[in-house]
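The structure appears right after this line, and notes come after that.
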Amino acid sequence: MTAALISWGKGRRAAAAIGAVSLGLVTLSACEKPTALATVTVGSTTVTAEATPGCDGNGEDLSRKEVAACLTKKGGKTITVHPGEQVRVGVDPEVAKSGWVVFGGGPVMREPSKQTYRSFDADTLFMQQNPQTGQTSYTKDVTLQVAEIGTGQGPKTMWHFTLKQKD
């Protein structure tokens, strides 16, 4: 009788262990790979965002149509910037391996960066140049776009942030 109770207890423990392993595997298979993050820091304020919806190619280059839509998107998380401050932009190491660029009121970087973060003068980010007249003007807010470089002609992922200039 005692032997039957001992083997029954072992069976319950084995069933519980199998159930726990099965539940763990189901949970892991339901997880998606997290999207890469981009971070903008001004002074002691930091905002972090996942890729802008519709602007994540999941490791593949975005189509021309997706790129066109992403370039016209506004918004994202907002951060306030005082004139003359440094704006620091950071990306995940995997994004840095691919290379990345930043656009403010216009292009800000001459070539893609392979570093995990870069600093920019706020005044440069708010500067806009009229393509027809060549005149430079400044705007009160700007959509800062961070783009991971793809293997082809376009980006793989884009993040959007709003920078508001504080007087």
Side-chain angles (χ1 to χ4, degrees), residues 27-28 30-167:
T27 302
L28 285 176
C31 292
E32 292 181 20
K33 181 181 173 188
T35 61
L37 301 175
T39 303
V40 175
T41 302
V42 178
S44 62
T45 305
T46 299
V47 292
T48 301
E50 291 184 344
T52 302
C55 300
D56 185 0
N58 293 316
E60 302 293 324
D61 291 359
L62 296 170
S63 70
R64 288 182 186 264
K65 185 177 179 182
E66 290 170 322
V67 171
C70 291
L71 287 173
T72 59
K73 287 192 179 202
K74 301 286 182 197
K77 294 194 176 181
T78 301
I79 192 164
T80 303
V81 181
H82 294 277
E85 280 191 303
Q86 288 291 305
V87 176
R88 293 177 295 283
V89 179
V91 296
D92 284 348
E94 288 300 314
V95 173
K97 282 182 189 176
S98 297
W100 57 284
V101 294
V102 172
F103 297 96
V108 196
M109 299 170 66
R110 293 180 199 205
E111 58 187 47
S113 176
K114 297 272 187 180
Q115 299 171 332
T116 54
Y117 93 96
R118 296 278 306 263
S119 294
F120 303 95
D121 180 47
D123 298 335
T124 304
L125 297 173
F126 287 96
M127 186 172 34
Q128 293 182 324
Q129 189 170 18
N130 184 323
Q132 295 168 342
T133 64
Q135 287 186 311
T136 301
S137 62
Y138 292 90
T139 181
K140 289 287 186 188
D141 59 15
V142 67
T143 298
L144 184 76
Q145 299 176 358
V146 180
E148 177 182 10
I149 302 300
T151 56
Q153 296 295 316
K156 290 197 277 190
T157 309
M158 293 181 73
W159 298 263
H160 293 73
F161 298 89
T162 298
L163 303 179
K164 292 203 176 279
Q165 193 170 35
K166 181 82 172 188
D167 293 329

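Along the sequence shown, the residues carry numbers beginning at 1.
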From [atom1] ([X]) to [atom2] ([Y]), nearest 0.5 Å:
{"X": "Thr124", "Y": "Tyr138", "atom1": "OG1", "atom2": "OH", "answer": "7.5 Å"}
{"X": "Met158", "Y": "Asp56", "atom1": "CE", "atom2": "CG", "answer": "12.0 Å"}
{"X": "Trp159", "Y": "Gln145", "atom1": "CH2", "atom2": "CD", "answer": "12.0 Å"}
{"X": "Asp123", "Y": "Gln165", "atom1": "CG", "atom2": "CD", "answer": "6.5 Å"}
{"X": "Asp92", "Y": "Leu37", "atom1": "CG", "atom2": "CG", "answer": "5.0 Å"}
{"X": "Glu85", "Y": "Leu163", "atom1": "CD", "atom2": "CG", "answer": "10.5 Å"}

Hey, is the main chain of [Y] close enough, under 3.5 Å, to the side chain of [X] for a donor-acceptor pair?
{"X": "Lys114", "Y": "Lys97", "result": "yes"}
{"X": "His160", "Y": "Cys70", "result": "yes"}
{"X": "Lys77", "Y": "Thr48", "result": "yes"}
{"X": "Gln129", "Y": "Thr136", "result": "no"}

Can you see which heavy atom on [X] is nearest to which on [Y], and at what distance?
{"X": "Phe126", "Y": "Asp141", "result": "CE2-CA, 3.9 Å"}
{"X": "Lys156", "Y": "Ser98", "result": "NZ-OG, 3.2 Å"}
{"X": "Pro155", "Y": "Val67", "result": "CD-CG2, 3.6 Å"}
{"X": "Ser113", "Y": "Met109", "result": "CB-CE, 3.5 Å"}
{"X": "Ile79", "Y": "Val40", "result": "CD1-O, 3.8 Å"}

### Task
Just do the side chain to side chain contact (heavy atoms under 4.5 Å, CB included) check on Val81 and Lys166 with the steps written out, would you?
CA-CA 6 Å; Val81 181; Lys166 181 82 172 188; over 6 Å; no
### Query
Is there a side chain to side chain contact (heavy atoms under 4.5 Å, CB included) between Lys164 and Thr162 once you walk through the steps?
CA-CA 6 Å; Lys164 292 203 176 279; Thr162 298; 4.2 Å; yes
### For Val89, the option from Phe161, Tyr117, Trp100 that meets side-chain contact (heavy atoms from CB on, under 4.5 Å)
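Passing option: Trp100.
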### Heavy atoms from other residues, nucleotides or ligands near CD of Glu60 exceed 12 (cutoff 6.0 Å)
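No - once you tally the heavy atoms of other residues, nucleotides and ligands closer than 6.0 Å, there are 12 at most.
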### Task
Would you please test Val101 and Ile149 for side chain to side chain contact (heavy atoms under 4.5 Å, CB included) and show each step?
CA-CA 7 Å; Val101 294; Ile149 302 300; 4.1 Å; yes
#### Entry: side chain to side chain contact (heavy atoms under 4.5 Å, CB included) evaluation trace for Leu144 with Leu125
CA-CA 8 Å; Leu144 184 76; Leu125 297 173; 3.8 Å; yes
### Message
Could you tell me if the side chain of Thr157 sits less than 4.5 Å from the side chain of Val95, heavy atoms only?
### Response
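A side-chain contact under 4.5 Å is absent here.
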### Query
Are side-chain heavy atoms of Thr151 and Asp61 found at a separation under 4.5 Å?
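Thr151 reaches Asp61 side chain to side chain.
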### Query
Between Thr52 and Lys73, do the side chains contain an N or O donor and an N or O acceptor separated by less than 3.5 Å?
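Thr52 vs Lys73: no donor-acceptor pair found between side chains.
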